[in-house]
Each structure stands twice: as structure tokens, then as C-alpha cells.
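Read through the structure below, which is laid out as C-alpha cells, and then see the notes.
Chain letters run A, B, ... following the sequence lines, proteins first and then strands; every chain starts at 1. Worth knowing before you read on, the calculation uses all heavy atoms, side chains too, and leaves out hydrogens, waters and symmetry mates.
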2 protein chains.
Amino acid sequence: MTVNKSSEASVGEKNKQKIVQAAEQVFAQQGFKGSSVQQIADTAGLPKTNVLYYFKTKQSLYQAVLQHTLSLWNSRFDQAQATDDPAEILAEYISEKIDMSRTHPLSSKIFAMEILNGGPNLDTYFNHEQVSWMKGRVAIIESWINQQKIVAVDPYYLLFTIWASTQHYADFSEQVTRLRGEKMKKVDFDHAKRTVIQLVLTGCGLTVPLCYQSSQ
Amino acid sequence: MTVNKSSEASVGEKNKQKIVQAAEQVFAQQGFKGSSVQQIADTAGLPKTNVLYYFKTKQSLYQAVLQHTLSLWNSRFDQAQATDDPAEILAEYISEKIDMSRTHPLSSKIFAMEILNGGPNLDTYFNHEQVSWMKGRVAIIESWINQQKIVAVDPYYLLFTIWASTQHYADFSEQVTRLRGEKMKKVDFDHAKRTVIQLVLTGCGLTVPLCYQSSQ
DNA sequence: CGAAAAGTAGACCAGGAGGTCAGTTTATTT
DNA sequence: AAATAAACTGACCTCCTGGTCTACTTTTCG
């Protein structure tokens with residue numbers, strides 16, 4: 001079995017990717033139960049049977065989509081240290097998260113729906129990866145508080161606030177669009193970014209780094 | 001067996017109410033398409049046909065549930081004036097919204113799902129009620145800025161931030177619970193409340209009213 | 001009382017769902 | 001070129017869904 005990587009991987013893997021992408025779209029719009037394999041197949045431009053050939057069940061396809069979503073969520077905050085500048089780290093984290101809402105809204109929506117439904121497909125992720133990530137970040141924030149680099153603020157609720165107010169622009173984009181009267185463009189996301197950074201950082205007793213200040 | 005209104009209304013209305021309540025539970029957990037009329041009927045302790053007797057279609061039942069949800073969302077901010085104290089108004093608004101997340105999480109979840117699915121059942125609501133509400137609140141915030149009562153901050157993104165970071169505790173309660181290790185109790189909600197108030201108000205250049213300050 | 005209206009409920013139906021199977025086409029290896 | 005493996009697909013099956021129909025019981029109220 002010599003390995004012709006490009007073709008071996010390409011035929012199958014390429015289709016798999018195409019299916020996952022189509023599934024992402026459909027799942028994000030209709031939820032897991034609301035989406036049909038047929039619909040996903042149509043979106044991918046393949047017969048239904050072909051989709052089931054690559055993913056034995058609808059659920060395993062969904063889990064592949066979810067996995068792909070989770071794989072996107074790395075950030076510079078992951079490697080933050082107690083010695084780092086909180087203003088810089090937090091501002092960049094908020095910036096990254098809002099960029100994610102702009103560039104990968106479907107992923108955010110799928111995750112949101114999964115949580116709303118009780119997160120039945122997230123056991124391992126939650127019980128290990130995210131919990132330990134959280135503990136690490138909380139420890140760093142606490143140490144910033146102890147060093148009096150930032151005002152005393154509960155690290156959990158601080159992080160929840162950051163998540164909520166950044167993911168909001170992906171998950172609730174429909175509402176945001178209708179209320180503003182037009183779709184958010186890149187400049188609007190940047191505007192939102194600066195607003196959230198201003199609120200959170202000032203709220204923590206920090207000065208907003210120059211590059212994130214509202215360009216008057 | 002005299003004509004007593006309470007019983008006339010009670011047989012039908014009481015059942016209707018019971019059904020709506022059951023539907024709220026089921027819809028919030030499984031979404032519209034994920035819920036079956038049978039499941040709602042079982043939850044309400046009635047035969048399926050009986051549910052369809054009161055609500056001709058699954059969708060009309062869903063709309064009744066959604067309507068009930070929207071009817072809960074009144075707040076003191078609705079009547080706010082440019083002459084009011086922004087610190088007080090905003091703090092109370094945040095407080096009210098977090099209370100809603102605690103006392104009516106199902107409503108919040110149903111609304112969130114509706115938006116995630118593109119809000120197909122919210123046309124009239126959005127195009128009239130909420131848009132005009134928004135315009136009114138934006139005007140007041142802008143006037144606060146002009147009076148230099150608060151720092152310059154985009155009213156839209158300020159309101160989105162408040163919504164996001166308060167509703168988060170209902171919509172993402174599953175995630176919050178798993179990350180914290182235990183369910184949020186009333187004290188925890190109050191703690192979150194103070195955190196959000198601190199962040200937002202300080203971020204707007206305001207002083208947190210005494211009654212909302214973190215009781216050290 | 002007695003009729004009409006309101007409420008309850010089982011049997012049933014058409015349609016769409018996820019998934020299987022058996023058979024065909026295409027690609028890869030020797 | 002032959003053989004083997006991978007990719008593909010139409011026909012089909014079972015199960016569940018929202019919703020209807022019909023018939024029965026209970027309430028209401030002149």
C-alpha cells in the first residue's frame with residue numbers, strides 16, 4: 001500500500017469536508033433535530049446516501065461539526081501569565097472573540113444551540129478541557145487582583161460577561177440586524193469591539209491600550 | 001352549578017394555561033422542531049388530541065408560548081427620561097434583567113432559540129414594538145451623553161452588552177453550571193448582578209449606587 | 001328537564017424522517 | 001489487464017410526526 005496522499009485523502013476527505021461545511025450551515029440555522037440529512041445532502045450537492053456513507057449517522061455528523069467548532073477556539077489568553085499586562089491580554093481576548101463572531105458565526109450559533117439544549121454532546125469537552133481552561137484563567141485573574149493590577153472582580157462573572165457580550169454578535173445577529181436596520185459590517189464589529197473593551201477594561205480599573213481606544 | 005365565571009373560564013382557560021406551561025418547558029429544552037405535541041401533552045398530563053383541541057396547530061401553540069414570553073419583558077427603563085439618573089436606571093435595568101434570568105429562564109431560552117433560528121415568528125414584534133423601544137432608549141442614552149452624565153459610548157452596543165451579559169445566565173445556564181461546579185443560587189445571581197453592574201456603570205464613567213455595590 | 005355547547009379521547013392517515021441494502025461505478029494496486 | 005478496494009446511489013423499510021375524524025361524556029343554561 002503505497003501512499004498517494006493527495007488522492008487518497010482528497011476523494012474522501014474532500015467530500016467529508018464539503019459535507020461538514022454544508023452540515024454546519026444547516027445545523028446552525030435549524031438546530032440538530034430541525035435539520036434533515038436530506039437537506040444537508042442537498043446543500044452539499046450530493047445524494048443523501050452519500051452523506052450517510054461518510055458519516056454513518058446524523059448524530060456522528062453533528063458531532064464532527066461540533067468538534068470542528070471547538071477546534072477553532074484557541075486564543076492568546078490560553079497562554080497568558082500572571083506577569084502579563086491584564087489590559088493588553090483582556091483587550092486582545094475581547095478583540096479575538098468578536099472577530100470570531102464575525103468570521104465564524106455559524107460555529108458560535110451551533111455551540112449556543114448545543115448549550116441551550118443542555119449540551120448532551122459535550123461531556124468530555126466540558127468535564128476536562130474547558131473546566132481546566134477556566135480554572136487556569138481564573139487563577140491568573142485572581143493573581144492580577146492580588147497584585148492590584150486590576151480591581152477586585154469575580155473572575156467567573158468577568159469571563160462570562162466577556163463571552164456573552166462578544167458571542168452575542170454571532171448568536172443574536174438576527175436581532176442585532178433588525179434593531180440596527182442593517183447587517184453588521186467589519187467597521188461595525190470593530191466599533192462594537194471598542195465599546196466592549198472600553199466597558200470591561202474601564203470596569204476593571206484599567207486603561208484602554210491606545211490601539212483599542214475609540215478613534216474619535 | 002350557578003353561573004360562576006371562575007368555573008366557566010377555569011375549565012378551558014386553566015387547561016390552556018397548563019398546556020402553555022408544559023409547552024414552555026418542552027420547547028425550551030428541545031426547540032420548536034425538536035418538540036413533539038405528544039411530549040407536550042404527556043408533560044401536561046393530557047391526551048394529545050386534547051392539546052390540539054385548544055391549539056389547532058403546534059405552531060399556534062408555540063406562538064402562544066412566545067407571546068407569553070414577550071409579555072414578561074417590561075422594565076422600569078421603559079419609562080426612563082433624559083432627566084433621570086443614568087446610574088440608577090442602568091443599575092436597576094441590569095438588576096431586573098438578571099432577576100428575569102433567574103426567575104424565568106425558560107422564557108429567555110425560548111426567545112434565544114427563536115432568534116438563533118432567524119426569528120421567523122417575530123416579525124410584528126421586531127418591526128414595531130422592539131424597534132421603537134430601542135430608538136427611545138437610544139435617544140435617552142444619547143441625551144445622557146450630551147449632558148455629559150455618562151461617557152461617550154455607542155448606545156446600541158451598550159444595550160447589546162447589557163442584554164448579552166444578563167441573559168447569559170439563563171441561556172447558557174448549562175455551561176455556567178458545569179464550569180462553576182454547581183447550580184447558580186440566588187446569592188450567586190446577586191453576585192453576578194453586582195459584577196455586571198460594576199463593569200457597565202464604571203465603564204460608562206458612573207459611580208455604582210450604594211445598594212448595588214459589592215458588599216465586601 | 002333537555003338541548004346545545006364544550007371538553008375528552010381512541011383510531012387512524014399521509015408524509016417525512018433516519019437508516020439499510022444490494023448493486024453499480026470509479027479508482028488503485030499488482 | 002485483471003483484481004481488489006473505495007466510492008457512489010436508487011429503491012426500500014420502519015418508525016414517528018402533526019393533524020383529522022368520529023363518537024362519547026360532561027357542563028352550561030334557558
Side-chain angles (χ1 to χ4, degrees), chain A residues 1-27 29-66 113 117 120-121, chain B residues 1-27 29-66 110 113-114 117 120-121:
Chain A
M1 351 241 112
T2 55
V3 181
N4 182 339
K5 269 196 182 154
S6 64
S7 79
E8 185 207 336
S10 85
V11 188
E13 289 309 311
K14 232 175 174 175
N15 264 345
K16 262 191 164 179
Q17 230 175 328
K18 190 157 62 167
I19 293 169
V20 168
Q21 207 176 328
E24 196 167 84
Q25 226 179 89
V26 177
F27 282 139
Q29 266 167 32
Q30 328 249 4
F32 176 70
K33 296 211 184 176
S35 308
S36 73
V37 178
Q38 186 68 64
Q39 210 176 344
I40 294 169
D42 290 347
T43 304
L46 297 169
K48 186 181 81 168
T49 334
N50 206 342
V51 172
L52 271 322
Y53 170 74
Y54 287 105
F55 300 89
K56 301 237 162 111
T57 67
K58 180 186 171 184
Q59 182 151 21
S60 74
L61 168 55
Y62 175 73
Q63 273 164 344
V65 171
L66 199 57
M113 279 187 177
N117 289 344
N121 299 91
Chain B
M1 342 293 184
T2 56
V3 185
N4 78 32
K5 271 198 180 153
S6 66
S7 84
E8 183 206 337
S10 86
V11 188
E13 288 311 309
K14 232 176 175 175
N15 265 346
K16 260 192 165 180
Q17 229 177 329
K18 192 156 61 167
I19 292 170
V20 168
Q21 207 176 329
E24 195 169 84
Q25 226 179 88
V26 177
F27 282 138
Q29 265 167 34
Q30 327 249 7
F32 176 71
K33 296 213 184 175
S35 309
S36 74
V37 178
Q38 185 67 63
Q39 210 176 345
I40 294 169
D42 290 348
T43 304
L46 296 168
K48 185 180 82 167
T49 335
N50 209 338
V51 172
L52 272 323
Y53 170 74
Y54 289 105
F55 300 89
K56 302 236 160 111
T57 67
K58 180 185 171 186
Q59 183 150 20
S60 73
L61 169 54
Y62 175 72
Q63 275 164 344
V65 171
L66 199 57
I110 285 169
M113 280 188 177
E114 175 67 16
N117 290 345
N121 299 91

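Atom CD of B:Q38 and atom OG1 of B:T49 lie 8.5 Å apart (nearest 0.5 Å). To the nearest 0.5 Å, atoms CZ (B:F27) and NZ (B:K58) are separated by 6.0 Å. Between A:M113 atom CE and A:Q29 atom CD the span is 9.0 Å, to the nearest 0.5 Å. Considering CG of B:L61 and CD of B:Q59, their distance stands at 10.5 Å, rounded to 0.5 Å. For the atom pair CG of A:L46 and CG of A:L52, the computed distance is 12.0 Å after rounding to the nearest 0.5 Å.
Taking side-chain N and O atoms only, B:N15 has no distance below 4.0 Å to OP1 or OP2 of C:dA6. Residue B:N50 has a polar side-chain atom (N or O) positioned under 4.0 Å from OP1 or OP2 of C:dT8.
Between the CG atom of B:D42 and the C1' atom of D:dT17 there is a distance of 14 Å, given to the nearest Å. For B:L61 and D:dG18, the CG to P distance is 11 Å, given to the nearest whole Å. Between B:L46 atom CG and C:dT8 atom C1' the separation is 9 Å, expressed in whole Å. As rounded to whole Å, 16 Å separates atom P of D:dG10 from atom OH of A:Y53. For the pair B:F55 CZ and D:dT20 P, the computed distance is 16 Å after rounding to whole Å.
Evaluation of the ring pair (Phe, Tyr, Trp, His ring centres under 6.0 Å) rule for B:F55 yields no partner, not counting sequence neighbours.
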**Prompt:** What does nucleotides 18-24 of chain C look like as a protein-contact string, B for base, S for sugar-phosphate only, - for none, at under 4.0 angstrom between heavy atoms?
**Reply:** BBBB---

